[in-house]
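To start, the structure under review is shown below, and the notes come after it.
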Number of protein chains: 2
Amino acid sequence: MIDDTDIQILECLVEDARHSYTDIAEVVDLSPPAVSDRIDRLRESGVIRRFTVELDRSQLRDGVHVLVTLSASTSAVDSVYSAVCDASSVEHTFMTADNTVIFSTRVRGDRIRAAIDDIVNFSRVDSYDVSIIDTAKWSPTIGGTEFALSCDECGNTVTDEGRSEQIGDNQRHFCCSSCLHRFRERYNRIEDDVDAPEKTTIGSDDDSWSL
Amino acid sequence: MIDDTDIQILECLVEDARHSYTDIAEVVDLSPPAVSDRIDRLRESGVIRRFTVELDRSQLRDGVHVLVTLSASTSAVDSVYSAVCDASSVEHTFMTADNTVIFSTRVRGDRIRAAIDDIVNFSRVDSYDVSIIDTAKWSPTIGGTEFALSCDECGNTVTDEGRSEQIGDNQRHFCCSSCLHRFRERYNRIEDDVDAPEKTTIGSDDDSWSL
DNA sequence: AATGAAAGGATTAAGCC
DNA sequence: GGCTTAATCCTTTCATT
């Protein structure tokens, strides 16, 4: 799936999406076509949504930037959320686990209420609150816990306490030593099977995995 | 300053920052070097903050996405805000006009409180609230009131009620008909001056303008 | 802002492990 | 399957008008 090299590539692109494949290739120690292939795969799999540009909208004189918080009933919240997403003037959108939709938008200072009503019909909303945004920032920076690998055994996030080891041809990542040992055990059994190819059932229940 | 062509270029880049200058040049009807020059200018002036990539972070299994709302005293809010901005795990950041800082971040589910304390020391904060984000979106799309032009006469934002007209060689934009007429009047006076070049003082007070 | 030449980067295909 | 190398083609840049 996604490996360390992919993450390095993503880091480069987040920093500057116009970095040349040649530059990236040097950083990750691959050839330019290999980088190109990987980026294509990341695009197709949807990890990369799009290449875009971050603008300083305040320089474009585009109205007052407001943050709108609204709550809706469980039945209405999905349609409210998609209405917000579809509105072209909306920039940031969040839906929290408790049916609150939060979004930022630019509106002309003299018709804030009307603009919000345009975006999401007030009749569908239980309550709402508007605050004026003083400054806002979007940082796609990669760092800290942001880009975690998934455990090759159980799928959980790999944290600082995780383990990483070369098994067979690949560098593998695990969330804990148990998963590492479990994976290695299975790997060795497979290896044995290759030597003596009587098919045996490996593992139990619905555990699924692949090398 | 920024004209229609710049806005068209920005639209292209927002849609796909890897569009080639040649492609953009065709859309906006200029030569590739001209597009390159304009993009350089937009970068230098800070309108374009950076080229980046939009990622589907949910595919990277990177912890729980939470929205943190905190309020601080007027004296502390700036340092709290900059601490939040500097934190590498923080993605979206807002500061509202009433000293509320709102940000989204990814944290491991079992240490949300500790993670937030790392980002912004709790001692500097009056109160805070955390909600789990179900879905989030960032749409740099251009549309609606987002990209407003500034009036070529008074500098105000040009809205739907504005006027647009070809004067001389350029398409000009105005926030209202008064500005259009005022501009056209001056333009004609300049034209007359060119025919009969005795220099006269144009306009009054500190009004400044350029063709 | 356009042109044309030179440099630099992307993409393709063939071949390797 | 994923990688590299080398050739081709396209894009960007720079000097000039």
Side-chain angles (χ1 to χ4, degrees), chain A residues 1-48 50-53 149-150 152 164-173 183 187 190-191 193-194 208-211, chain B residues 1-45 47-48 50-53 59-60 149 152 166-173 210-211:
Chain A
M1 260 214 69
I2 291 178
D3 62 14
D4 309 303
T5 310
D6 287 324
I7 288 176
Q8 269 185 287
I9 292 174
L10 291 174
E11 281 171 350
C12 289
L13 289 175
V14 162
E15 193 196 306
D16 184 352
R18 287 195 86 107
H19 267 148
S20 70
Y21 293 165
T22 315
D23 285 352
I24 300 172
E26 236 168 66
V27 173
V28 304
D29 210 31
L30 284 176
S31 66
V35 171
S36 171
D37 284 353
R38 276 168 180 267
I39 290 175
D40 286 348
R41 270 197 290 110
L42 289 166
R43 268 188 123 149
E44 270 156 34
S45 68
V47 173
I48 293 177
R50 65 162 146 190
F51 293 89
T52 190
V53 28
L149 295 165
S150 52
D152 280 315
S164 190
E165 203 163 310
Q166 173 103 17
I167 299 183
D169 292 334
N170 299 303
Q171 186 74 25
R172 298 286 175 182
H173 306 279
F183 185 95
Y187 182 84
I190 285 280
E191 289 270 281
D193 285 353
V194 172
S208 70
W209 64 294
S210 65
L211 291 174
Chain B
M1 260 215 70
I2 291 178
D3 62 12
D4 309 305
T5 310
D6 288 323
I7 288 176
Q8 270 186 287
I9 291 172
L10 290 174
E11 281 170 350
C12 288
L13 290 176
V14 163
E15 192 196 305
D16 184 352
R18 288 195 85 106
H19 269 147
S20 73
Y21 294 164
T22 315
D23 286 352
I24 299 172
E26 236 168 66
V27 173
V28 304
D29 211 31
L30 284 176
S31 67
V35 171
S36 170
D37 285 352
R38 277 167 180 268
I39 291 175
D40 285 348
R41 269 198 291 110
L42 289 166
R43 268 187 122 150
E44 270 155 34
S45 69
V47 173
I48 293 177
R50 67 160 148 191
F51 293 90
T52 190
V53 358
Q59 291 201 34
L60 296 164
L149 295 165
D152 280 315
Q166 173 102 17
I167 298 183
D169 291 334
N170 299 302
Q171 187 74 24
R172 298 286 173 184
H173 307 280
S210 65
L211 291 173

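In the text below, chain A, chain B and the rest are named by the order of the sequence lines, each starting its count at 1. Just so you know, these numbers use all the heavy atoms, side chains as well, and skip hydrogens, waters and symmetry mates.
- Remark: Arg38(A) is in phosphate contact with dC3(D), judged by side-chain N or O atoms under 4.0 Å from OP1 or OP2.
- In this structure, the CG atom of Asp3(B) is 8 Å from the P atom of dA1(C), given to the nearest Å.
- Rounded to whole Å, atom P of dT11(C) lies 16 Å from atom CG of Leu30(A).
- Taking atom CZ on Phe51(B) and atom P on dT12(D), their separation rounds to 11 Å, with Å as the unit.
- Following rounding to the nearest Å, Asp37(B) (CG) and dT13(D) (C1') show an atom-to-atom distance of 10 Å.
- Nucleic acid contact class of Ser31(B) (heavy atoms, under 4.0 Å, all strands): base.
- OP1 and OP2 of dG9(C) both lie 4.0 Å or more from every side-chain N or O belonging to Arg18(A).
- We find that CG of Asp23(B) is positioned 15 Å from C1' of dG9(C), with the value rounded to whole Å.
- No option in Asp29(A), Val27(A), Leu10(A), Leu30(A) other than Leu30(A) meets the side chain to side chain contact (heavy atoms under 4.5 Å, CB included) test with Thr5(A).
- The CZ atom of Arg41(A) lies 9.0 Å from the CD1 atom of Ile2(A); values are rounded to the nearest 0.5 Å.
- Atom pair Asp6(A):CG and dC3(D):C1' shows a separation of 14 Å (rounding to whole Å applied).
- Atom CD1 in Ile39(A) sits roughly 16 Å away from atom C1' in dC3(D) (whole-Å rounding).
- Distances from the side chain of Ser20(A) to the nucleotides dT3(C), dA10(C), dA2(C) place dA10(C) closest.
- Between Leu13(B) and Leu42(B), every side-chain heavy-atom pair lies at or beyond the 4.5 Å cut-off.
- Looking at Arg38(B) and Asp3(B), their side chains come closer than 4.5 Å, going by heavy atoms from C-beta outward.
- As rounded to whole Å, 13 Å separates atom P of dT4(D) from atom CD of Glu26(A).
- The phosphate of dA10(C) (OP1 or OP2) has a side-chain N or O of Thr22(A) nearer than 4.0 angstrom.
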| field | Test log, rule side-chain contact (heavy atoms from CB on, under 4.5 Å), inputs Asp6(B) and Val47(B) | value | CA-CA 10 Å; Asp6(B) 288 323; Val47(B) 173; over 6 Å; no
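- With dT12(D), dC3(D), dC14(D) as the candidates, the nucleotide lying closest to the side chain of Ala34(A) is dC3(D).
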